[in-house]
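Structure incoming, see below.
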Amino acid sequence: MSAEPPAAAEPPFEVRPSFVDEVLEVVDAIPAGHVLSYGDVAALLGSRAARAVGSVMRRYGHAHPWWRVVRSGGLPPTGHEARAKTHYEAEGTPLRALSRDPGYAVEYAKARWRP
DNA sequence: AAGTTGACGAAAT
DNA sequence: AATTTCGCCAACT
């Protein structure tokens, strides 16, 4: 018998109908002076897709407080280091000087938003 | 339609 | 410590 066994295994997790909307909603909820990492945003959605969060932010984040989402360790978004620093100083986000890389980073342990 | 890329991240090498 | 590999999901080619 030849019938092909599709063996379609269903995902053990719920399928998110709109990952994009949920990402933007979380970002919009981060209070001024605080930050979340890309991975944290994904984790709040029950996912590990930190990269997908970055992809969403690049295309749709322009109308949202994109500077409140940082990389692991508090490094600002790639390609917008200087732009983000202006926002952090205006919001009083705790920063830390670095001797390398963009020259500064957010003090993630202090600035991290805990919902 | 299938593969590649990308504001990422942690673990393995 | 640096580079590579894998994971996740949307957008682009």
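Chain identifiers are assigned alphabetically (A, B, ...) following the order of the sequence lines, protein sequences preceding nucleic acid strands; residue numbering begins at 1 within each chain.
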Check: To the nearest angstrom, how far is A:W67 atom CH2 from B:dA7 atom C1'?
Finding: 14 Å
Next item on the list: Using a cut-off of strictly less than 4.0 Å, decide whether A:Y38 has a side-chain nitrogen or oxygen near OP1 or OP2 of B:dG6.
Entry: no
Note to self: Counting only side-chain nitrogens and oxygens, does A:T78 get under 4.0 Å of the OP1 or OP2 atom of B:dC8?
What the structure shows: yes
Notebook entry, point to check: Does CD in A:E25 sit with more than 12 non-hydrogen atoms of other residues, nucleotides or ligands closer than 6.0 Å?
Noted result: no
Note to self: What is the distance, to the nearest angstrom, from the CZ atom on A:R48 to the P atom on C:dA10?
What the structure shows: 16 Å
Next item on the list: Using the C1' atom as the reference point in each nucleotide, state the distance between C:dA2 and B:dA7 in Å, no decimals.
Entry: 23 Å
Checklist line | Side-chain ion pair, A:E81 and A:K85, N-O less than 4.0 Å | finding: no
Checklist line | Whole-Å gap separating P (C:dA10) and CD (A:E22) | finding: 11 Å
Checklist line | Note: A:E91-A:R68 ion pair, threshold 4.0 Å (strictly below) | finding: yes
Check: To the nearest Å, how far apart are A:Y60 OH and B:dG6 C1'?
Finding: 14 Å
Next item on the list: Look at A:R71 and B:dG6 and indicate whether a side-chain polar atom (N or O) is within less than 4.0 Å of OP1 or OP2.
Entry: no
Note to self: With a 3.5 Å cut-off and heavy atoms only, can you find an N or O donor on one side and an acceptor on the other between the side chain of A:R51 and the base of C:dC8?
What the structure shows: yes
Margin query: Expressed as a whole number of angstroms, how long is the span from A:D40:CG to C:dC8:C1'?
Written below: 15 Å
Notebook entry, point to check: Between A:S47 and C:dC8, does any side-chain N or O lie under 4.0 Å from OP1 or OP2?
Noted result: no
Note to self: How many whole angstroms separate atom CZ of A:R112 from atom P of B:dG9?
What the structure shows: 12 Å
Notebook entry, point to check: For A:S72, which contact category applies under a 4.0 Å heavy-atom criterion: base, sugar-phosphate, or nothing?
Noted result: sugar-phosphate
Checklist line | Separation of B:dA10 C1' from A:Y108 OH (nearest whole Å) | finding: 13 Å
Item checked: Qualifying residue, where the test is side-chain contact (heavy atoms from CB on, under 4.5 Å) with A:P65 and the options are A:I30, A:V27, A:V35 -> A:V27
Check: Taking the nucleotide of DNA chain C with the closest heavy atom to each, which residue, A:A50 or A:R59, is nearer the 5' end?
Finding: A:A50
Next item on the list: Between B:dC8, C:dA11, B:dA7, spot the one nearest the side chain of A:R58, thanks.
Entry: B:dA7
Item checked: Residue met sooner reading DNA chain B from 5', once A:G39 and A:S55 are mapped to nucleotides -> A:S55
Item checked: Approximate separation, where rounding is to 0.5 Å, of A:L75 CG and A:Y108 OH -> 12.0 Å
Notebook entry, point to check: Considering only the P atoms, how many Å lie between B:dT4 and C:dT5, rounded to the nearest integer?
Noted result: 15 Å
Next item on the list: To the nearest Å, give me how far apart CE (A:M57) and P (B:dT5) are.
Entry: 24 Å
